[in-house]
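Below is one structure; the comments refer to it alone.
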Amino acid sequence: MKRQAYQPILITDASRSQDDQLTSRQKRYVLMMGVRVACVIIGAILVGVQAPLLWLWLPLVALGMILIPWLAVLLANDRPPKEQHRLAGKFQPRRRDDTPPMSLTAEERPRKIIDAEP
């Protein structure tokens, strides 16, 4: 019976660190708040210059000023999804393996030679 090869853990399978996740959420929040500030400034400019189709532009800008902060908070508090199959192994019986991982079989173990004294 041949022993199975040792399977290393791949670093590429690791999830992003907490600091990386927090930094990306902060950047997304600041970007969305920047868009909100732009909506406020554009709304003020449109009202100030009495722009044509003001009845169309003001509700769009107001909708942006109301929805963007709500979405920004939701996305800033959002975390990446958890592993789908994290609990899958807990409900299935484990396979019984007689040899511990990374152990040598009886044929692979070094043998100690004992010299008998004459």
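In what follows, every heavy atom counts, from backbone to side chain, and hydrogens, waters and symmetry copies are set aside. Counting from 1, the numbers follow the sequence of the chain as shown. This is a predicted model, so every value here is computed, not measured.
- Taking 4.5 Å as the limit, every side-chain heavy atom of V35 sits out of range of all side-chain heavy atoms of M32.
- Once rounded to the nearest 0.5 Å, the distance linking CG of L60 with CG of L53 reads 10.5 Å.
- In the hydrophobic cluster analysis, where Ile, Leu, Val, Met, Phe, Trp and Tyr join through side-chain heavy atoms closer than 4.5 angstrom, L67 is grouped apart from V37.
- One hydrophobic cluster holds both I42 and L56 under the rule that ILVMFWY side chains link at heavy-atom gaps under 4.5 Å.
- M65 contributes atom CE, which lies 8.0 Å from atom CG of L58 (distance to the nearest 0.5 angstrom).
- No donor-acceptor distance shorter than 3.5 angstrom exists from the side chain of D78 to the backbone of L74, with no hydrogens or angles considered.
- Residue W70 is grouped with residue L63 when hydrophobic side chains (ILVMFWY) are merged at heavy-atom distances under 4.5 angstrom, including chains of intermediate members.
- Residues L54 and V47 come closest through the heavy atom pair CD1-N, 4.3 Å.
- P69 and G64 get closest at one heavy-atom pair: CD-O, 4.0 Å.
- A72 and M33 make their closest contact through CB-CE, 3.6 Å (heavy atoms, listed as atom of the first residue, atom of the second, distance).
- Separation of atoms CZ (R28) and CZ (R25) is listed at 8.0 Å; rounding is to 0.5 Å.
- Y29 pairs in a side chain to side chain contact (heavy atoms under 4.5 Å, CB included) with only one of the listed residues (L71, L75, V73), which is V73.
- Proximity of T23 to K27: side-chain heavy atoms (C-beta onward) are separated by under 4.5 Å at one or more points.
- The CD1 atom of I66 lies 9.0 Å from the CZ atom of R36; values are rounded to the nearest 0.5 Å.
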